Amino acid sequence: MSFASSDAAAEGMIGRGVAAWYQSGHRTATGERFIPDGYTAAHRTLPLGSKVRVVNARSNRSVVVRINDRGPFGGRRIIDLSRGAARAIGLDGVGMVELHATN
C-alpha cells in the first residue's frame, strides 16, 4: 500500500493521525479482558466489534484490529492499539497511521 495522494489510495480510508499503544489490566468497553498481545484497539466512535486496517505511515506495515474499547480521550491521538498490534506494524511509542475500512 502506498501513501500516494490518489483517489485509489484514499479509497476506504476513514482517518489519518497519531496512534499509540496502550497496556491496561482493565476490562474493555465490550466487557472482555484486555489482552496486551492481541490485535485490538480503542477508538472514540467506530462501532465496537468493527475491524479496521491500521497502516504505519513510516514502515508501511499494516495490521487488522478489532475495536473493543473506547478512547483515546487525551491528546491528539485517533486510535490506541494493543501492544501486539503496535509491534506488528513496527510502532514504537507513537506514530502516524492511516485507518482503512475492512470488508
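Nothing fancy with the numbering, it's 1 onward along the sequence. Just so we're clear, the structure is a prediction, and the values are computed from it rather than from any experiment.
Side-chain contact annotation: Arg53 with Ser62, donor-acceptor N/O pair under 3.5 Å present. Remark: the His26 side chain and the Asp69 side chain contain an N/O donor-acceptor pair separated by less than 3.5 Å.
Under the side-chain contact (heavy atoms from CB on, under 4.5 Å) criterion, Thr30 pairs with Thr28, Glu32, Leu48, Asn68, sequence neighbours left out. In this structure, Arg27 has no salt bridge (charged side-chain N to carboxylate O under 4.0 Å, His left out) partners at least two apart in sequence or on a different chain. Taking Tyr39 as the reference, nothing meets the ring-ring contact (aromatic ring centres under 6.0 Å, His included) condition, with sequence neighbours excluded.
Between Leu81 and Val65 there is a side-chain heavy-atom pair separated by less than 4.5 Å. Ile35 has its side chain out of reach of Thr40: every pair of non-hydrogen atoms, C-beta onward, lies at least 4.5 Å apart.
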side-chain contact (heavy atoms from CB on, under 4.5 Å) assessment of Val97 paired with Ile79:
CA-CA 9 Å; Val97 297; Ile79 196 166; 4.3 Å; yes
Passes side-chain contact (heavy atoms from CB on, under 4.5 Å), Ile67 versus Val52? Steps please.
CA-CA 8 Å; Ile67 304 300; Val52 62; 3.9 Å; yes
Under the side-chain contact (heavy atoms from CB on, under 4.5 Å) criterion, do Leu99 and His43 qualify, and how do the steps go?
CA-CA 11 Å; Leu99 305 181; His43 191 275; 4.1 Å; yes
Check the pair Val64, Val54 against side-chain contact (heavy atoms from CB on, under 4.5 Å), reporting the backbone distance first and the verdict last.
CA-CA 6 Å; Val64 174; Val54 181; over 6 Å; no
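Expressed to the nearest 0.5 Å, how far CZ of Arg16 lies from CD of Glu98 amounts to 5.0 Å. Rounded to the nearest 0.5 angstrom, Asp92 CG and Arg58 CZ are separated by 10.5 Å. Rounded to the nearest 0.5 Å, atoms CZ (Arg70) and CG (Leu46) are 7.5 Å apart.
The shortest non-hydrogen separation linking Ser82 to Pro36 is CB-O, 3.6 Å. Residues Pro72 and Ala42 come closest through the heavy atom pair CD-O, 3.9 Å. The shortest heavy-atom contact between Ile78 and Arg44 is CA-NH1, 4.4 Å.
No donor-acceptor distance shorter than 3.5 angstrom exists from the side chain of Arg66 to the backbone of Ala41, with no hydrogens or angles considered.
Listed by first then second residue, pairs satisfying salt bridge (Lys or Arg N to Asp or Glu O under 4.0 Å) with a partner in residues 77-86 read Asp37-Arg83, Arg77-Asp80, not counting sequence neighbours.
Other members of the hydrophobic cluster containing Phe34, listed by chain and number, are Tyr22; membership follows side-chain contacts under 4.5 Å among ILVMFWY residues, whether direct or relayed. Connectivity analysis of hydrophobic side chains (ILVMFWY, heavy atoms under 4.5 Å, direct or indirect) links Trp21 to nothing; its cluster partners are none.
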